[in-house]
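As the structure is a prediction and not an experimental result, all values here were calculated from the model.
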Amino acid sequence: PKLPSLQVLKVTHCSVQDPQTNLHFATKQLTELDLSSNRLTDIPKDIPQTVKILKLGGNSIKEFSGFSLKHLVNLDVLYLDNNKLHSIHPSFFSQHFVKSASAQEFLPSLEKLALNNNQIRTIEPKSFASLPSLRALNLAKNGLENVNKDMFHGLQNLELLDLSQNAISVVNNNTFKNLKSLQYLYLRGNKLDFVPSGLPMMEYLDLSHNLIQAVNESVSKLDLYPIE
């Protein structure tokens, strides 16, 4: 069928497993594609370049390559929640593995990335370094046990980081120090028995449901504002 004016396409809770979407008929106007809750094991490689919102949650994706994403220069929001990712590698979001893309060209518009509800236990250094516009990163409900500054290298514009409901017991010194734009940090539901040091100035910090017995001076130095 020819649907030249189609802007939003939802094909959810079906049995789609073919990595080719065959959406050539909708490449001129399509801005939102929702393939949530299917049987995909990889990111389709022929997603129209016009797509701004891509929803791939609830599939069976274990890993993917930057080659599947390199052409999506207009992509603002990417949902990969509720998949089967065990780790995050630089090859997922890095121009170093895409010869035809430069640091400025690789997902230059991406502002929100949802990786929550996976099985992520490790994040390799600089895995998100090629996402300069990223403002919100959701890593909640995974299996992370420790975090360090190399995981979030290059995320100078990140405003919201959600690490809730992992198994984090170790936060290396100054892990969040270089996240100059960070305003919302969620660490609730982990195994922390201390307040992380080197926190940047922010508006909202959630340390609920941890093992913390005392609030140290690092919190008193924060510029925290009430959320209305």
>> Is any side-chain heavy atom of Leu187 closer than 4.5 Å to one of Leu185?
In response: yes
> If you take all heavy atoms of Leu56 and Pro44, which pair is closest and at what distance?
Replying inline: CD2-CD, 4.5 Å
> Does the pair Leu110 and Ser133 meet the rule for a side-chain contact (heavy atoms from CB on, under 4.5 Å), with working shown?
Replying inline: CA-CA 6 Å; Leu110 190 67; Ser133 299; 5.9 Å; no
>> Tell me whether Leu30 shares a hydrophobic cluster with Ile53, the cluster being built from Ile, Leu, Val, Met, Phe, Trp, Tyr side chains joined at under 4.5 Å.
In response: no
>> Please evaluate residues Asn82 and Asn118 with respect to the criterion side-chain contact (heavy atoms from CB on, under 4.5 Å), reporting the C-alpha separation (whole Å), side-chain torsions for both, the decisive distance (0.1 Å), and the verdict.
In response: CA-CA 5 Å; Asn82 290 285; Asn118 276 280; over 6 Å; no
> If you group Ile, Leu, Val, Met, Phe, Trp and Tyr by side-chain heavy-atom gaps below 4.5 Å, do Leu163 and Leu192 land in one group?
Replying inline: yes
> Taking all non-hydrogen atoms of both residues, which atom of Val11 and which atom of Val16 are closest, and how far apart?
Replying inline: CG1-CG2, 4.0 Å
>> Between His71 and Asp46 (side chain of the first, backbone of the second, donor and acceptor by atom type, cut-off under 3.5 Å), is there such a pair?
In response: no
>> Side chains of Thr12 and Asp34 only: does a donor on one sit below 3.5 Å from an acceptor on the other?
In response: no
>> Looking at Glu32 and Lys52, is any side-chain nitrogen of the basic one under 4.0 Å from a carboxylate oxygen of the acidic one?
In response: no
> Rounded to the nearest 0.5 Å, how far does CG of Asn166 lie from CZ of Arg121?
Replying inline: 10.0 Å
> Quick one: does Phe92's side chain get under 4.5 Å of Glu63's, heavy atoms only?
Replying inline: yes
>> With a 3.5 Å distance limit and no angle check, can you tell me whether Asn190 reaches the backbone of Glu145 through a side-chain donor-acceptor pair?
In response: no
> Are any of the side-chain heavy atoms of Leu161 and Phe152 separated by less than 4.5 Å?
Replying inline: yes
> Are Val77 and Ile43 in one and the same hydrophobic cluster, where Ile, Leu, Val, Met, Phe, Trp and Tyr link if side-chain heavy atoms are under 4.5 Å apart?
Replying inline: no
> Under 6.0 Å from the CZ atom of Arg188, do we count more than 12 heavy atoms belonging to anything else shown?
Replying inline: yes
>> Assess the residue pair Thr175 and Asn148 against the criterion (side-chain hydrogen bond (donor to acceptor under 3.5 Å, both in side chains)); give the C-alpha distance rounded to whole Å, side-chain angles, the decisive distance to 0.1 Å, and a yes or no.
In response: CA-CA 5 Å; Thr175 292; Asn148 61 71; over 6 Å; no
> Any idea which heavy atoms bring Pro125 and Pro90 closest together, and the distance?
Replying inline: O-CG, 3.6 Å
>> Return the OG to CE distance between Ser127 and Met151, rounded to the nearest 0.5 Å.
In response: 9.0 Å
>> Could you check whether any side-chain heavy atom of Leu160 comes within less than 4.5 Å of a side-chain heavy atom of Asp162, counting everything from C-beta outward?
In response: yes
>> According to a hydrophobic-cluster definition based on side-chain heavy atoms being under 4.5 Å apart (Ile, Leu, Val, Met, Phe, Trp, Tyr only), do Val147 and Ile123 belong together?
In response: yes
>> I'd like to check Leu134 versus Phe93 (side-chain heavy atoms, cut-off strictly below 4.5 Å). Are they in contact?
In response: no
>> To the closest 0.5 Å, what do you measure between OG (Ser181) and CG (Leu158)?
In response: 8.0 Å
>> With clusters defined by side-chain heavy atoms of hydrophobic residues (ILVMFWY) lying less than 4.5 Å apart, directly or transitively, does Ile61 cluster with Leu69?
In response: yes
>> If you compare all heavy atoms of Ser169 against all heavy atoms of Phe194, which two are closest, and at what distance to 0.1 Å?
In response: O-CE2, 3.5 Å
> Any side-chain heavy atom of Asn146 sitting closer than 4.5 Å to one from Ile168?
Replying inline: no
> Counting only heavy atoms not in His89, do more than 12 sit closer than 6.0 Å to its NE2 atom?
Replying inline: yes
> Leu113 and Phe128: which non-hydrogen atoms are nearest, and at how many Å?
Replying inline: CD2-CE2, 3.9 Å
>> Just verifying a value: how many Å separate Lys141 NZ and Ser164 OG, rounded to the nearest 0.5 Å?
In response: 9.0 Å
> Any side-chain heavy atom of Val73 within less than 4.5 Å of one from Gln49?
Replying inline: yes
>> Which heavy atom of Met201 sits nearest to which heavy atom of Gln183, and what is that distance?
In response: O-NE2, 3.9 Å
> Could you state the interatomic distance from CG (Leu35) to SG (Cys14), rounded to the nearest 0.5 Å?
Replying inline: 9.5 Å
> Is there a donor-acceptor contact under 3.5 Å from the side chain of Asn142 to the main chain of Leu144?
Replying inline: no
>> Given 3.5 Å as the limit, does a donor-acceptor pair link the side chain of Asn83 with the main chain of Asn59, or not?
In response: yes
> Stepwise, does the side-chain contact (heavy atoms from CB on, under 4.5 Å) test hold for Leu75 with Ser109?
Replying inline: CA-CA 6 Å; Leu75 190 65; Ser109 300; 6.0 Å; no
> Once you round to the nearest 0.5 Å, how far does CD of Gln29 lie from OG of Ser5?
Replying inline: 6.0 Å
> Between Ile88 and Ile120, is any pair of side-chain heavy atoms under 4.5 Å apart?
Replying inline: yes
> What is the ring orientation for Tyr186 with Tyr184, classed by angle as parallel under 30°, tilted 30 to 60°, or perpendicular over 60°?
Replying inline: parallel
>> Could you walk me through whether Leu72 and Leu54 satisfy the side-chain contact (heavy atoms from CB on, under 4.5 Å) test, starting with their C-alpha distance in whole Å, then the side-chain angles of each, then the deciding distance to 0.1 Å, before giving a yes or no?
In response: CA-CA 10 Å; Leu72 299 178; Leu54 179 58; 4.2 Å; yes
